[in-house]
Amino acid sequence: MVEDNYTKILKRISKASGLTEEEIERKVEAKIAKLSGLISKEGAAQVVSAELGINFDNEKFKIDELLPGMRKVNTIGKVIELFPVRSFERQGKQNKVVNFVIADDTSNIRIVLWDTHHIELIENGTIKEGSIVEVAGGSMRDNEIHLGSFSELKLSDESLEDVKTERIVKEKSILDFKTNDSVSVRAFIVQAFDPRFFYVCPECRKKATPEGDGYNCAEHGKVIAEKRALINFVLDDGTETVRAVLFHDKLKDVGFTDLDNSDILSQQKQNLLGKEMIFSGNVRVNKFFNNQEFIIDNVQALDIDDLLNKLEG
Ligand SMILES: [Zn+2]
């Protein structure tokens with residue numbers, strides 16, 4: 001069985017403190033109880049480790065050992081995806097930010113650069129896709145490593161083979177969803193809204209806006225737009241609820257066959273309520289409502305045999 005992050009952090013704290021894993025687990029449980037369950041096991045383990053005076057500052061972590069909330073993290077990885085530098089204005093000042101993804105043999109993670117000296121390394125091509133980089137003094141914010149002016153970023157002379165490039169999907173409770181997570185959760189559909197329709201350009205698939213008697217794409221001009229739909233749901237896994245979005249091609253996976261027939265639609269919506277399934281996707285911030293939104297890209301029916309196997313351990 002693959003060790004989960006919690007087991008790994010228990011082992012690390014145990015090794016660093018000389019206490020047994022059982023003793024630490026008791027401290028973690030006491031901490032969770034004291035905080036009325038408002039903290040995850042991993043989060044509580046972090047607090048316990050800080051209280052024991054353990055400091056991982058000089059330790060290098062594998063990517064899958066990094067946990068939300070950790071400070072001053074050090075790790076090494078190969079750049080597998082690099083995003084364009086973005087500029088934005090804050091309090092009248094021009095700022096830049098850039099993201100990239102690094103991978104090692106255990107996992108991959110997004111890195112966010114805020115410091116102009118670090119961003120220069122990307123702009124002048126010192127760090128590019130395929131580079132092996134070393135980061136030090138980063139902070140874990142949600143599931144990303146953020147590097148500020150006190151952090152370090154440099155090329156490493158280590159070589160990394162067989163890095164894990166596939167997107168890492170974690171099984172999580174809705175309560176523990178963090179922005180930018182790729183997650184999978186077993187949850188009930190507790191509310192389903194009416195479909196909303198929009199139009200896309202047939203070439204680039206971006207949103208097309210109505211213009212005159214047709215549609216216009218910012219890149220391709222006047223186009224014969226394709227009609228698309230999305231449906232919002234509320235999912236509940238017992239820990240929390242989240243607003244979820246399911247797009248066009250996936251709607252059939254939850255049983256929608258005809259969005260234009262209001263009788264069939266309302267029947268199919270009704271059938272979904274209380275249905276439990278496994279949903280995978282990305283957690284985003286909906287800028288309009290300023291809340292978390294779960295963009296579903298995969299829906300699976302519950303496999304009862306698989307569940308029984310898991311329960312029986
Ligand atoms: Zn287009």
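Values in this document were obtained by computation on a predicted structure and should not be read as measured data. Atoms within each ligand, like the ligands themselves, are counted from 1 in listed order.
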Under 3.5 Å, which donor-acceptor pairs do the side chains of residues 274-283 form with other protein atoms, sequence neighbours left out?
from, atom 1, to, atom 2, distance (Å)
Glu276, OE2, Arg186, NE, 3.1
Glu276, OE2, Arg186, NH2, 3.4
Asn282, OD1, Arg167, NH1, 3.3
Asn282, OD1, Ser182, OG, 2.9

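For the residue pair Asn271/Gln267, the side-chain donor-acceptor check at 3.5 Å is satisfied. Side chains of Gln268 and Thr257: a donor-acceptor N/O pair is present below 3.5 angstrom, by distance only.
Looking only at distances, a side-chain donor or acceptor of Ser156 sits under 3.5 Å from a matching main-chain atom of Glu158. Put simply, the side chain of Asn286 never gets that close to the backbone of Gln292: no donor and acceptor are under 3.5 Å apart.
Using a cutoff of 4.0 Å between basic side-chain nitrogens and carboxylate oxygens, Asp297 and Lys250 are not scored as salt-bridged.
Nearby protein atoms of type N, O or S around the Zn ion (ligand 1) amount to 4 (distance under 2.8 Å).
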